[in-house]
Number of protein chains: 2
Amino acid sequence: MATESQKKATVSSTVEDYLKVVLKIEDMKQRASTSRVARHLDVADATVTDMLRKLKKAGLLEYKPYYGAALTPKGRRMAVRILRRHRLLEMFLHQVLGYGWEQVHQEAERLEHAVSDLFISRIDALLDFPAQDPHGETIPDARGFRQVEDDLCLAEAEPGSYSVRKVTNSDPEFLAYLDKVGLRPATRFCLQERTPFQGPLKLLPQSGREPVYLGLEASGSIFVLPLKDRPRAPESDPRAPASRMAGDHAGRSGDEKAG
Amino acid sequence: MATESQKKATVSSTVEDYLKVVLKIEDMKQRASTSRVARHLDVADATVTDMLRKLKKAGLLEYKPYYGAALTPKGRRMAVRILRRHRLLEMFLHQVLGYGWEQVHQEAERLEHAVSDLFISRIDALLDFPAQDPHGETIPDARGFRQVEDDLCLAEAEPGSYSVRKVTNSDPEFLAYLDKVGLRPATRFCLQERTPFQGPLKLLPQSGREPVYLGLEASGSIFVLPLKDRPRAPESDPRAPASRMAGDHAGRSGDEKAG
DNA sequence: GAACTTTATTAGACTGGTCTAAAAATGAAG
DNA sequence: CTTCATTTTTAGACCAGTCTAATAAAGTTC
Ligand SMILES: [Mn+2]
Ligand SMILES: [Mn+2]
Ligand SMILES: [Mn+2]
Ligand SMILES: [Mn+2]
C-alpha cells in the first residue's frame with residue numbers, strides 16, 4: 001500500500017445532502033446536532049442518528065453521541081464539491097436557461113447529484129468561471145477553495161448606504177418579493193432607520209421607488225456590503241471586494257479534532 | 001368521480017427506466033419478455049418478474065406470467081416522455097456543452113430522471129425544437145407524438161448510395177470509431193458490395209477516404225436512407241424525408257390487448 | 001408424450017433510507 | 001441533588017430495489 005491511490009468513493013445523493021447540511025451548519029458556526037441536521041433535511045431525528053453513525057464509519061465525519069457531528073477533511077471535501085456544483089448549476093440555470101433566481105435552487109438541489117464532472121466543467125467554462133451564484137453566494141473553485149468574506153447581516157446593520165451582497169434564503173416567495181421591491185444582489189439601497197423594539201427596517205432601494213419595510217426575520221437572510229458613502233459606478237456587481245482564501249480545502253491530513 | 005383530474009403519478013427513476021426499456025423492445029417489434037427486459041437493464045430475471053407485477057398493479061403495463069409485458073396507454077405516455085427527455089438532453093449536451101456524440105448517452109441516462117419539465121422546455125427552445133438527437137433518433141414532440149420512419153437497416157441494404165440516418169448503438173467505442181471513419185448521421189456513403197457468406201460490407205464514405213469494412217453485427221445498428229442516386233446539396237441533415245405520425249400517443253382508451 | 005433445455009416464478013434474504021414509539025441521557029431549575 | 005423538560009438514541013418496523021438458489025412452467029426433440 002505504497003501509493004494509496006485515491007479511490008472513487010461514490011456516495012448516494014442522500015449522503016451528499018447530509019454532508020452539505022453539516023457543512024452549512026458548521027459555516028454558521030453552530031454545532032451540527034442531530035436535531036439541527038434533522039430540521040434542515042426534514043427527516044426524523046432517529047434517521048439522522050443512524051445516518052451520522054454510518055457517515056462516521058465511512059470516515060466522512062466525526063460523531064460524538066449526544067453531542068453532534070463535525071466533517072472530516074474527506075467529508076468536507078465532498079461537501080464543498082456538492083456546494084460548488086449546486087451554485088454553478090444555479091448560475092447556469094439563471095444565465096443560460098433564463099430561470100428566475102427564485103426558481104434555481106429547487107432544480108439545482110436535484111441536479112447537483114446527477115450531473116457529471118464533465119458537465120460541471122463545461123458549464124463553468126461556458127459561464128466564464130463565475131465567482132458567485134444568483135443569490136450572491138460564493139462558488140468554490142475547482143480545487144475546493146472557498147472565498148470567505150466577513151458578512152455584514154442587514155439585521156445588524158446601522159443606517160447608511162449598502163449594496164446587497166447575498167441572500168441566504170431559498171424560499172421562492174421571499175425571493176420573488178425581494179425581486180419585486182428591487183433588492184437583488186449587487187443592487188444598492190439606503191438603510192434609513194431601524195425602528196425600535198425589534199421593529200422593521202426602513203429601506204430605500206436605489207431604484208428610488210417606494211420605501212421598503214422589512215421585518216427583522218427577513219433582514220436576517222440579507223447580507224450587505226457597506227458603501228463608501230459616495231455613490232459610484234451604477235449596477236456593476238461587487239466581485240470580491242473584501243475577502244480572503246479559506247483554509248478549508250483540507251489538503252493532506254486531518255487535524256480538526258473536536259478539541 | 002366526474003372530472004377525474006389527472007394526478008401527478010410520480011414514479012422512481014427505476015420505474016422510468018423499466019418503462020423505457022419495454023417501449024424500446026416493443027418498438028423493435030419484439031415480445032417484452034422477462035429475460036429480455038432483464039438483459040436490457042442488466043438486472044436478474046427475478047427482479048424483473050417482481051417489477052413487472054408492480055407496474056401492472058400501477059396500471060402502467062399489462063403483464064401475463066410466462067409471457068411478457070405490454071405498455072398500457074398510460075405507461076406508454078410515460079415512457080415516451082422519458083424518451084423525449086433523453087433525446088433532447090443528448091442534443092443539448094452535444095450542441096450546447098460540446099459533448100461528443102459518444103459521450104451524450106450516459107449522461108442523459110441519468111439526467112432524464114432529474115431535470116424538471118421547465119428545464120426540458122427551455123433546452124427545447126434553446127435548440128430550436130430539434131427533430132433528431134445526435135444519433136439521428138427522432139425526438140418525440142411535447143405532446144408525445146413520434147415521427148415514425150420506415151427504417152432501412154444497413155445490414156439489409158443493397159449496394160448503392162445512402163446517407164446515414166441513425167445509429168442505434170450507444171457503445172462509446174463503436175461511436176467513436178464510426179466518427180473516425182466518417183460515418184455520422186447525415187453523412188453520405190456508397191455501399192460498394194456485400195461480401196458473400198455473411199461477410200463484411202465494403203463502404204466508401206463521402207469524404208472519399210479509405211474504404212471501410214463493416215461487419216454485419218456492426219451494420220445492424222446503422223440505419224440509412226437511400227439516395228436518389230444523383231448527389232445533391234452537401235451536408236444538410238435529412239429532416240423528415242419519409243415519415244408519418246405514429247398513432248401511439250395513446251389518447252383515450254386502451255385497445256392494445258395481447259390479442 | 002417422455003425427456004431434456006430454456007425461461008420464468010417463487011422463496012428468502014439483504015441494503016439503504018426512512019418512520020414511530022419507547023427508553024435513556026443531558027441539562028436546567030429548584 | 002432531585003425533578004422535570006428537552007434532546008438523543010434504541011428498538012422495531014416498513015418500503016423499494018436488488019440478489020441467489022430452488023422450483024415450476026413452457027418449449028423442443030425424438
Ligand atoms: Mn441554492
Ligand atoms: Mn440535493
Ligand atoms: Mn441515448
Ligand atoms: Mn435512465
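Order of the sequence lines fixes the chain letters, A, B, ..., with proteins taken first and strands second; residue numbering starts at 1 for each chain. Not measured: the values here are computed from a predicted model.
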Can you tabulate the close N/O pairs, meaning under 3.5 Å, that link protein atoms to atoms of nucleotides 10-14 of chain C?
| from | atom 1 | to | atom 2 | distance (Å) |
| --- | --- | --- | --- | --- |
| C:dT10 | OP2 | B:Arg53 | NH1 | 2.4 |
| C:dT10 | OP2 | B:Arg53 | NH2 | 3.4 |

- Item | Counterpart residues, ring-ring contact (aromatic ring centres under 6.0 Å, His included), relative to A:His105 (two or more places apart) |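 Expected list: A:His86.
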Report the distance from atom [atom1] of [X] to atom [atom2] of [N], rounded to the nearest whole Å.
X        : N      : atom1 : atom2 : value
B:Arg39  : C:dT6  : CZ    : P     : 14 Å
A:His113 : C:dG16 : NE2   : C1'   : 16 Å
A:Arg36  : D:dT6  : CZ    : P     : 17 Å
A:Asp42  : C:dC19 : CG    : C1'   : 13 Å
B:Leu60  : D:dA16 : CG    : P     : 14 Å
B:Leu41  : D:dC19 : CG    : P     : 10 Å
A:Tyr67  : C:dT26 : OH    : P     : 14 Å
B:Asp17  : D:dA16 : CG    : C1'   : 15 Å

- Message: Going by side-chain contact (heavy atoms from CB on, under 4.5 Å), B:Leu71 matches just one of B:Val80, B:Leu19, B:Leu60. Which one?
- Response: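 Single side-chain contact (heavy atoms from CB on, under 4.5 Å) partner of B:Leu71 among B:Val80, B:Leu19, B:Leu60: B:Leu19.
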- Item | Results of side chain to side chain donor-acceptor pair (under 3.5 Å) for A:Asp151 - residues two or more places apart only |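 If we apply the side chain to side chain donor-acceptor pair (under 3.5 Å) test to A:Asp151, skipping adjacent residues, the hits are A:Lys166.
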- Touch check for B:Thr47, heavy atoms < 4.0 angstrom, all strands: base, sugar-phosphate only, or nothing?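 B:Thr47: base contact, heavy atoms under 4.0 Å.
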Thinking salt bridges, do [X] and [Y] make one under a 4.0 Å N-O criterion?
X        : Y       : result
A:Glu112 : A:Lys20 : yes
A:Asp45  : A:Arg39 : no
B:Glu26  : B:Arg31 : no

- Task: Could you tell me whether the side chain of A:Phe174 reaches within less than 4.5 Å of the side chain of A:Leu178, counting heavy atoms only?
- Result: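 Sidechains of A:Phe174 and A:Leu178: in contact.
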[X] side-chain N/O to [N] phosphate OP1/OP2 under 4.0 Å:
X       : N      : result
A:Ser35 : D:dT7  : no
A:Ser33 : D:dT7  : no
A:Tyr66 : D:dT10 : no
B:Thr14 : D:dG17 : yes

- Which of these nucleotides, C:dG17, D:dG17, D:dT20, is closest to any side-chain atom of B:Lys54?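 Looking only at side-chain atoms, B:Lys54 lies closest to D:dG17.
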- Query: Mapping B:Asp45 and A:Tyr18 onto DNA chain C by nearest heavy atom, which one lands closer to the 5' end?
  - Reply: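 By nearest-heavy-atom nucleotide position, the 5'-most residue is B:Asp45.
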